[in-house]
2 protein chains.
Amino acid sequence: MDKVFQALSSAPRRAILDIVRDRPGSSVGHVCKFFDVSRIAVMKHLNVLEEAGLLISEKQGRTRRLYFNSAPIQMIHERWTSEYSALWAGHLTEFKRQVEAKQGT
Amino acid sequence: MDKVFQALSSAPRRAILDIVRDRPGSSVGHVCKFFDVSRIAVMKHLNVLEEAGLLISEKQGRTRRLYFNSAPIQMIHERWTSEYSALWAGHLTEFKRQVEAKQGT
DNA sequence: ATAATAGGTAACCTATTGGTTACATATGAA
DNA sequence: TTCATATGTAACCAATAGGTTACCTATTAT
């Protein structure tokens with residue numbers, strides 16, 4: 001879970017996810033076209049995403065084809081929507097009011 | 001958005017959110033009881049969470065009272081469920097199959 | 001066989017993170 | 001007023017992140 005959030009915490013990496021989601025099977029080179037940094041820097045981002053399970057890659061000849069994997073995001077979504085179910089709905093204000101009586105240490 | 005994901009990428013910080021959610025109005029000292037690291041380390045986590053908007057703090061006398069704020073998580077949830085709507089539902093396999101014909105560069 | 005292409009690895013640098021200790025400040029209690 | 005409590009700040013340190021250049025490997029095309 002740490003790795004997923006960590007991976008998602010960078011705008012370039014989220015952009016990579018968009019690129020691959022919009023064009024599954026993208027090569028490393030294709031992804032690089034969208035960025036100004038070196039290919040190596042992009043590859044590091046790709047590895048972070050892959051280690052988080054957000055990208056899957058499959059080597060085809062000399063090119064590495066990339067696929068977006070939504071499973072980790074789904075997992076987090078499910079876990080958090082159940083655990084924080086009341087909160088997703090947006091009841092902070094009420095929540096605070098409830099508490100201002102209790103006043104925990 | 002970066003800051004929110006960054007803040008959520010650490011298990012201790014997520015634990016802090018749980019603690020404060022379960023006992024809104026918690027003091028810094030109360031949160032510290034749950035961890036083995038120094039108070040300063042905990043305070044740094046609190047500041048990261050606060051800068052991400054996930055915690056709100058209000059000073060009451062000499063104690064700082066902490067409140068969980070679900071707004072950033074809601075924002076992300078809404079944005080991602082719309083943007084990745086097909087994916088939340090878990091259609092990666094189909095997604096991949098669709099694409100294996102196209103085969104983008 | 002040779003050259004061009006696509007990708008991977010290694011070594012290095014700087015900035016950020018996450019922890020520490022020591023000290024400072026402000027408020028509540030005796 | 002004096003002491004204890006609750007929090008905040010500063011300076012430091014090791015590990016990680018994110019970038020670079022230089023070089024290596026494997027596959028495709030001529």
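Here is the naming used below: chain letters follow the sequence lines, and residue numbers restart at 1 for every chain.
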With the side chain defined as heavy atoms from C-beta on, A:S27 is closest, among D:dT20, C:dG7, C:dG19, to C:dG7

note: B:Q6, atom CD; D:dA17, atom C1'; distance rounded to Å ~ 10 Å

Q | Cluster link A:L17 to B:I76, ILVMFWY, side chain under 4.5 Å | A | yes

Residues in residues 43-53 of chain A with a heavy atom under 4.0 Å of DNA chain D, by number, are A:K44, A:H45

Going only through I, L, V, M, F, W and Y residues with side-chain contacts under 4.5 Å, is there a path from A:F34 to A:V37? yes

Rounded to whole Å, CG of A:L8 lies from P of D:dA17 at a distance of 15 Å

task = Compare all side-chain heavy atoms of A:S57 with those of A:R65 and state whether any distance is below 4.5 angstrom.
result = no

- Indicate yes or no for a side-chain donor-acceptor contact from B:R13 to the backbone of B:A7 under 3.5 Å, with no hydrogens or angles considered. yes

ask   = Backbone N or O of A:H30 within a donor-acceptor pair of the A:S27 side chain at under 3.5 Å?
value = yes

Discussion item. Any heavy-atom pair between the side chains of B:R21 and B:Y67 that's under 4.5 Å?
Written reply: no

Rounded to whole Å, the CZ-P distance (B:R65 to D:dA6) equals 11 Å

Please walk me through it: do A:R64 and A:E58 pass side-chain contact (heavy atoms from CB on, under 4.5 Å)? CA-CA 6 Å; A:R64 176 173 160 207; A:E58 165 195 16; over 6 Å; no

The residue, A:P12 or B:T63, whose nearest nucleotide of DNA chain D is more 5′ is B:T63

Between CG of A:D2 and P of D:dT16 the distance, given in whole Å, is 14 Å

Separation of D:dG18 atom C1' from A:D36 atom CG, nearest Å, is 15 Å

- Query: Just wondering, do B:L55 and B:N69 contact through their side chains at under 4.5 Å, heavy atoms?
  - Reply: no

Restricting to nitrogen or oxygen on both sides, can you table the protein-nucleotides 21-29 of chain D pairs closer than 3.5 Å?
unit_1, atom_1, unit_2, atom_2, d
D:dT27, O2, A:R62, NH1, 2.8

